[in-house]
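Report on the following structure.
Nothing here was measured: the structure is a model prediction, and the numbers come from that model.
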Amino acid sequence: MSQQLSGILTALPTPFTADGKIDVAALGRVVDRNIDGGVDGLVACGSTGEFAAMSEHERRLVVETVVEHAAGRVPVIAQTGAVSTAEAIRLSRHAQECGASVVMLVTPYYEPLTEDETEHYLRTVAESVDIPVMLYNMPGVTGVDLSPETIGRLAREVDNIEYVKDTNADMSRVRQLIHRYGDVITTFGGWDTLILATLTEGAAGVVAGSGNVVPAELVSIHRALQAGELDRARAEWSRLYPLMESLMSMPFVPAVKAILNSLGLPVGTPRSPLLELNSETADRVSAEAAAALGQRAPLPTTAPGKVLRSADSRPLCSESDLPPSRHFIDGGYVGSTSSRVLDVVDPCSERVLCHTPDGTAEDVDRAVAAAVTAKASWARLVPKDRSDALHAIANRVEAHGDLLARMEAANTGKPLAVAQDDIAGTVDTFRFMAGAVRAATSMAGGDYLDDHLSVIQREPVGVVGVVTPWNYPLMMAAWKIAPILAAGNTCVLKPSEQTPVTTLKFAELVADLIPAGVLNIVTGRGDVVGARLSSHPAIDLVALTGSVNSGRAVARAAAEGLKRVHLELGGKAPVLIFEDADLAAAAETLRTASFWNSGQECGAACRVLVHESVADRFVEHLVREAASLTAGEPAVDGVEIGPVVSKAHFDRVRGYLERAQRDGARAALGGGALDGPGYFVAPTVLVDVREGAEITREEVFGPVVTVETFRDEEEAVRRANDVPYGLSASVWTENARRSHELPARIDAGTVWVNSHLALANEVPRGGFKGSGYGRDLSIYALDDYSRTKHVMHNHAR
């Protein structure tokens, strides 16, 4: 066998439809609920009272369904005991053929057997298969009790009898199996009120029908015991015990089905001869289950599986709305020196939206020459005049906000609500910088040396080359253009070749508001246009928002001319959630902060580090929040998740997900692409992620959140800092001292406390380490695009 069974194994009930047939879809949902809860294995046909009333064909179907739906995520144990030895052999061989990991043989009870006959049955069926066998001793139902000595003898004499499930209320029998025969057989408990006692005694695990109701809670208890945290295990068990007592005091299978139905997971009614619970009893046990679950709603099992498509065939923007497919240089649109063009693709439909010039170094030279010509007169303007121009730009963008939002959505695939937020942010950036440039402060003029008056002046840098990214095309351009122009510089900007549309349209809209040559746009690829901007001798500063590799390339090229460089690069934001945090509030915030713009956000809350004592509860909150997101095309009302930007990036994100899951991570939600045209990735929450895994260290830049656990503050801070990035982070705690002290220990340019991804133009945005240097937004951006001059006057007489 590929793996040794241990932990919490759930004995699954069999769902039936109203007409009495096996409900395959509902069985799949029960499988997902248990796997999402973290159980370590599933027992198919585990409900003794029901499998005895099922045909051989139905029992085969149940095993096939569970194996197929589990899809290797956890082992499947197939209950193959039957009313005859021949049928049990057929069922066991079928289970082996369809991929079950283990077969489980219930002690025969269809007619009285001697001990020798019982042993002969078990030996014969076990020897008919090559996979491991679990014996199922259930004296309370069968009337046949296999003694520990008999079980031990069978395990010694039949090679593949490896496990026993002892459903016996007598702990002394379980102790004998564990301590006297542990060298030949692995023991699992099966009496639900004795789960804690059985695990504490040293059993490998339990096979529990109650796992259908409280899978995550039982798994948490098992993990607490594995970690030596007996007090925590006892505390969690005390909350579950009333439910266990009720389940064991009434018909078990009907009780489990009543609870699952009440939780919104329809499994139908028990099959005859089992009877349903009366309504009063069903309500009581369902209420006890709700209390054990902390009144939590059922955990979603899948991310949005359907991409909502627009029924309106009209495009978000018409061809006449689009800007000319040309560069914008010296106040107008001009052709490229090359005839080559680049396709701009709609990531929802994968169709070409338009084309833009594949710019050349010569095109950059023309734009830089225009910026050089314009820089002296623009720099001489007093702050009020530059401020007035920026206010006029803000007003013009706002007046065309609807068009720009639709164009942004068409080009990037982002929901209209996200695009509209981008446009609002663009307007506010220009308005803030328009005000900030008129209120600049610096060191006071004065005599700092006898008879010498010092005056500190802030001057423009000159011509700034800018490279902007594809995730927020217009807003990232505004974050650069507004402070650059406010400080008195001129600009040559290269937008991403994937999303250039709104930047070119912006230039058209504001062309009459600023002098020719102050703002120039050259489209093209980074290795040509971006490289020339970085190395051009007349460029005084290069500003880039982009990947770490792009930042390195810009910095290397700029170093040759000793240019200043402003870099806002990638991020891998750690989210530290402590045991006293408001878990619901954290998950609600991460619903936006992790998945906004489909996770294509440098500061996204993509790497959760949560205290191990609350990890399971937090994951439940986060999965419910993320599962409620709606994926679809921008024009559909209510859509919150769009596609990622391109086929190449789509393949990149999927590659990270596939490797992470091969590496042992488990998708509690999502985990892959969504069906249909377009580059849609399901909102994904990955758990069981090992420390140092690739997906915890590299920027995925998609709708993907990883969850890791930590034990104490020191470990949390160490792991938060143990990545190449340092853009942003957040700390979630109600401890005031911790909330003040911990941010100082985290290597990130922005640290939020009990919040994440909250931005304002008044405060700076920028990173440490591999996330670059320089600050966007706030007065610090104005400083970055200025140079300091000291003028000293000798006024001695």
Discussion item. Is a donor from one side chain sitting under 3.5 angstrom from an acceptor on the other, for Ser550 and Ser547?
Written reply: yes

Fill in: For the student: nearest non-hydrogen atoms of Ser210 and Asp192, plus distance
OG-OD2, 2.6 Å

Discussion item. Does Arg659 qualify as a cation-pi partner of Tyr656, given the criterion of NZ or CZ under 6.0 Å from the six-membered ring centre and within 45 degrees of its axis?
Written reply: yes

Worksheet item: Step by step, would you call Thr788 with Arg458 a side chain to side chain donor-acceptor pair (under 3.5 Å)?
Response: CA-CA 5 Å; Thr788 304; Arg458 301 289 291 173; 2.2 Å; yes

Discussion item. Do Ser387 and Arg438 pair up side chain to side chain, a donor and an acceptor below 3.5 Å, judged on atom types alone?
Written reply: no

Practice prompt. Find out whether Cys606 and Lys572 are in side-chain contact, i.e. whether some heavy atom of one side chain is under 4.5 Å from a heavy atom of the other.
Written response: yes

Discussion item. Quick check: Phe701 with Trp470 (ring centres under 6.0 Å apart)?
Written reply: yes

Discussion item. Looking at every heavy atom in both Lys769 and Tyr725, which two are closest together, and how far apart are they?
Written reply: CE-O, 3.0 Å

Worksheet item: Is there a side chain to side chain donor-acceptor pair (under 3.5 Å) between Glu601 and Tyr472 once you walk through the steps?
Response: CA-CA 8 Å; Glu601 156 67 54; Tyr472 295 105; 2.8 Å; yes

Worksheet item: Should the pair Asp783-Arg564 be classified as a salt bridge under the 4.0 Å nitrogen-to-oxygen rule?
Response: no

Discussion item. Tell me which one of Val608, Asp582, Leu609, Thr733 satisfies side-chain contact (heavy atoms from CB on, under 4.5 Å) with Ile577.
Written reply: Val608

Worksheet item: Would you call Glu398-Arg431 a salt bridge at under 4.0 Å N-O?
Response: yes

Worksheet item: Does a side-chain heavy-atom distance below 4.5 Å link Arg591 with Glu640?
Response: yes

Discussion item. Between His756 and Trp732 (judged by ring centroids, cut-off 6.0 Å), do the two rings come close enough to count as a pair?
Written reply: no

Worksheet item: Can a donor-acceptor pair be found between the side chains of Glu236 and Ser220 at a distance below 3.5 Å?
Response: yes

Item to complete: Return the minimal non-hydrogen interatomic distance between Ser786 and Ala487, and the atom names on each side.
Response: OG-CB, 3.7 Å

Discussion item. Show, in sequence, the C-alpha distance, side-chain angles and deciding distance for Glu568 and Arg775, and conclude whether the salt bridge (charged side-chain N to carboxylate O under 4.0 Å, His left out) test is met.
Written reply: CA-CA 8 Å; Glu568 199 271 351; Arg775 292 295 177 264; over 6 Å; no

Worksheet item: Leu293 and Glu217: which non-hydrogen atoms are nearest, and at how many Å?
Response: CD2-OE2, 3.5 Å

Worksheet item: Going through the distances and angles, do Arg719 and Glu708 end up as a salt bridge (charged side-chain N to carboxylate O under 4.0 Å, His left out)?
Response: CA-CA 10 Å; Arg719 291 172 65 179; Glu708 307 168 73; 2.7 Å; yes

Worksheet item: Looking at the rings of Tyr785 and His566, which for Trp means the six-membered one, are their centres under 6.0 Å apart?
Response: yes

Discussion item. Rounded to the nearest 0.5 Å, what separates atom CD in Glu762 from atom CG in Asp428?
Written reply: 7.0 Å

Discussion item. I'd like to know whether the aromatic ring centres of Phe710 and Phe578 sit less than 6.0 Å apart in this structure.
Written reply: yes

Fill in: Any residue meeting side-chain hydrogen bond (donor to acceptor under 3.5 Å, both in side chains) with Asn735, in chain and number order, not counting sequence neighbours
none

Discussion item. If I compare all heavy atoms of Ile35 with all of Val39, which pair ends up nearest, and what's the gap?
Written reply: N-CG2, 4.1 Å

Fill in: Donor-acceptor pair, side chain of Glu715 and main chain of Arg711, under 3.5 angstrom
yes

Item to complete: Only one of Val707, Thr706, Thr696 passes side-chain contact (heavy atoms from CB on, under 4.5 Å) with Leu686; say which it is.
Response: Thr706

